[in-house]
Amino acid sequence: MNSSYLKIAIQKSGRLLEKSLAMLNECGIRINSGYNQLRAVCDNFPCEILFLRDDDIPAYIEDGVADVGIVGENVVVEKQKDILLATRLGFAQCRLALAVPRDFAYTDIKSLEGKRIATSYPKILQNFLDEAGIQAEIHIISGSVEIAPSIGLADAICDIVSTGSTLLSNGLKEVQPVMKSEAVLVANHHLNDFKQKLLDKLIFRINAYKKARYYKYILLNAPADQLQAIIELIPGMKSPTVLPLAEPGWISIHSVIQEDDFWEIIEKLQACGAQGILVVPIEKMIL
Ligand code: ATP
Ligand code: ZN
C-alpha cells in the first residue's frame with residue numbers, strides 16, 4: 001500500500017513553491033501534466049508531489065502522510081515534530097529577528113523585559129527568551145506581524161527578515177537576530193527500505209545540484225609557458241584540461257572554480273597573461 005513510490009510534500013503556494021519545483025526539476029523529477037491542486041505524479045522518478053500548506057508539512061511527515069518534504073528550517077524548529085532533517089537546500093535564506101519601533105530606546109535584550117512581543121514563532125521565541133533569561137509576554141499572530149506595534153498590540157515583534165525593507169516601511173528596526181534559516185529537506189524517520197533508497201537517490205541528486213550552483217566552469221587561453229602558474233590558481237577537481245591552440249606557444253585551459261573565489265582568481269589569471277576568459281554555469285556536478 002503506497003509503498004512503491006516516494007511522497008514528496010512541497011508548499012502549495014508561497015515563497016518556497018517555485019524554487020522547490022525548480023530544484024526537483026534539476027534533480028530529474030518532472031511533474032506529469034495531469035496534476036491538480038493537491039497532488040501530481042512524476043514521469044521519471046517513482047514519486048508523487050503533494051501540495052500542502054508549509055506549516056502543516058512537518059506534522060504530515062511525522063504521521064507518514066508524506067515521506068519527505070521541503071520546508072523552511074524556521075517552520076521545522078517551530079513545529080517540534082519528530083522528523084529527520086535530511087539536508088539543507090541553500091535557498092530561501094532568511095533569519096528570524098526581533099524588531100522594535102524606531103523610537104524604542106533599545107540597548108540590549110534586557111530592554112524587552114516585561115514587554116509584549118508579537119510573533120508567529122512562539123516556541124522559537126520562548127526558547128530564545130528563556131536562554132537570555134528574559135520574561136516577556138508572547139502574542140501569537142499568524143500573519144502581518146509587522147503591523148502589531150503600530151496598532152498597539154505589541155511593543156516588539158519577532159519575525160522573518162531577509163532584506164529588512166518590510167521592517168523599515170513599518171517604522172521598525174531590527175535589534176537582535178534569533179535564528180538563521182533556509183529551505184531544508186525533511187523526512188519521516190521510518191521509511192521502508194525501498195523509500196529509503198529513493199530518498200538516498202534524491203539526496204545524491206540534490207547534492208550534485210547544490211555543488212553545481214557553487215562551482216563554475218572556466219575556460220581561458222594563455223601563453224604555454226604560464227601553464228604551471230595557472231594550474232596552481234585553478235587546480236580544478238583532478239587537474240585542468242589543457243588543449244593546444246592553433247597559434248604556436250598558446251594553450252587553452254579548462255577547469256572548475258568556486259564562485260566565491262571568482263574575482264580574486266580572475267585578476268591573478270590576467271596577471272599570468274590569460275585572455276578570453278569564459279566562466280559558465282555548471283548544470284550538475286558529481287565528484
Ligand atoms: P503562509 O503559510 O501564511 O503562506 P509563510 O510565511 O509560512 O506564510 P511564505 O511567506 O511563503 O509562507 O514563506 C515560506 C518560507 O520561506 C518561510 O517559512 C521562510 O523559511 C522563507 N521565507 C520567508 N520570507 C522570506 C524572505 N523574505 N526571504 C527568503 N525566505 C523567506
Ligand atoms: Zn506558512
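Atoms considered below: every heavy atom in the structure, side chains included; atoms not considered: hydrogens, waters and symmetry mates. When a ligand or atom number is given, it counts from 1 through the structure's own listing order.
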*Side-chain (Gln11) to main-chain (Leu16) donor-acceptor, under 3.5 angstrom*: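 Flag set: sc Gln11 to bb Leu16 pair under 3.5 Å.
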*Taking heavy atoms and a distance under 4.0 Å, where does Val161 meet ligand 1: side chain, backbone, both or neither?*
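Contact part for Val161 vs ligand 1: neither.
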*Pick one of side chain, backbone, both or neither for how Arg53 approaches ligand 1, counting any non-hydrogen atom pair under 4.0 Å.*
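The side chain, only.
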*With the Zn ion (ligand 2) as the point of reference, which N/O/S atom of Asp55 is the closest?*
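The Asp55 atom nearest to the Zn ion (ligand 2), restricting to N, O or S, is OD1.
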*Which N, O or S atom name in Asp54 marks its closest approach to the Zn ion (ligand 2)?*
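Nearest to the Zn ion (ligand 2) within Asp54's N, O and S set: OD1.
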_Please confirm whether Glu182 approaches ligand 1 to less than 4.0 Å, judged on its heavy atoms._
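It does not; every heavy atom stays at 4.0 Å or beyond.
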*asked:* So is Gly143 touching ligand 1 or not, going by heavy atoms under 4.0 Å?
replied: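 No.
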*Of the protein's non-hydrogen atoms, which lies at the shortest distance from atom 14 (C) of ligand 1, and what is that distance?*
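Closest protein heavy atom to atom 14 (C) of ligand 1: Asp54 OD2, 3.5 Å.
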*Report the nearest protein non-hydrogen atom to atom 9 (P) of ligand 1: residue, atom name, distance rounded to 0.1 Å.*
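Closest protein heavy atom to atom 9 (P) of ligand 1: Gln11 NE2, 3.8 Å.
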*Less than 3.5 Å between some nitrogen or oxygen of Arg15 and one of ligand 1, yes or no?*
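Yes, there is a polar N/O contact under 3.5 Å.
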*asked:* Geometry only, no angles: is Ser13 polar-contacting ligand 1 at N/O separations under 3.5 Å?
replied: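 No, there is no polar N/O contact under 3.5 Å.
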*Does a side chain donor of either Tyr209 or Arg213 reach within less than 3.5 Å of an acceptor in the other side chain?*
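Yes.
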*Is a side-chain donor-acceptor pair under 3.5 Å present for Gln126 with Asp130?*
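Their side chains do contain a donor-acceptor pair, which is all the 3.5 Å distance test asks for.
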*Which atom names give the shortest non-hydrogen contact between Leu198 and Phe45, and what distance separates them?*
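The answer is O-CZ, 3.7 Å.
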_For Asp54 against Val71, the heavy-atom pair lying closest together_ =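 Closest approach of Asp54 to Val71, heavy atoms only: O-CG2, 3.6 Å.
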*State which residue, out of Lys7, His190, Lys195, fulfils the side chain to side chain donor-acceptor pair (under 3.5 Å) condition with Asp67.*
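Passing option: Lys195.
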_Any salt bridge linking Lys284 with Glu26? Criterion: basic side-chain nitrogen under 4.0 Å from a carboxylate oxygen._
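Judged by the 4.0 Å cut-off on N to carboxylate O distance, Lys284 and Glu26 do form a salt bridge.
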*For atom 28 (N) of ligand 1, is the nearest protein heavy atom under 4.0 Å away?*
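Yes, because at least one protein heavy atom sits under 4.0 Å from atom 28 (N) of ligand 1.
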*Can a protein heavy atom be found under 4.0 Å away from atom 24 (N) of ligand 1?*
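Given the 4.0 Å limit, the answer for atom 24 (N) of ligand 1 is yes, a protein heavy atom qualifies.
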*Matching residue for Cys94 among Ile160, Asp159, Thr163, Val161 - test: side-chain contact (heavy atoms from CB on, under 4.5 Å)*: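 For Cys94, the side-chain contact (heavy atoms from CB on, under 4.5 Å) check succeeds only for Ile160.
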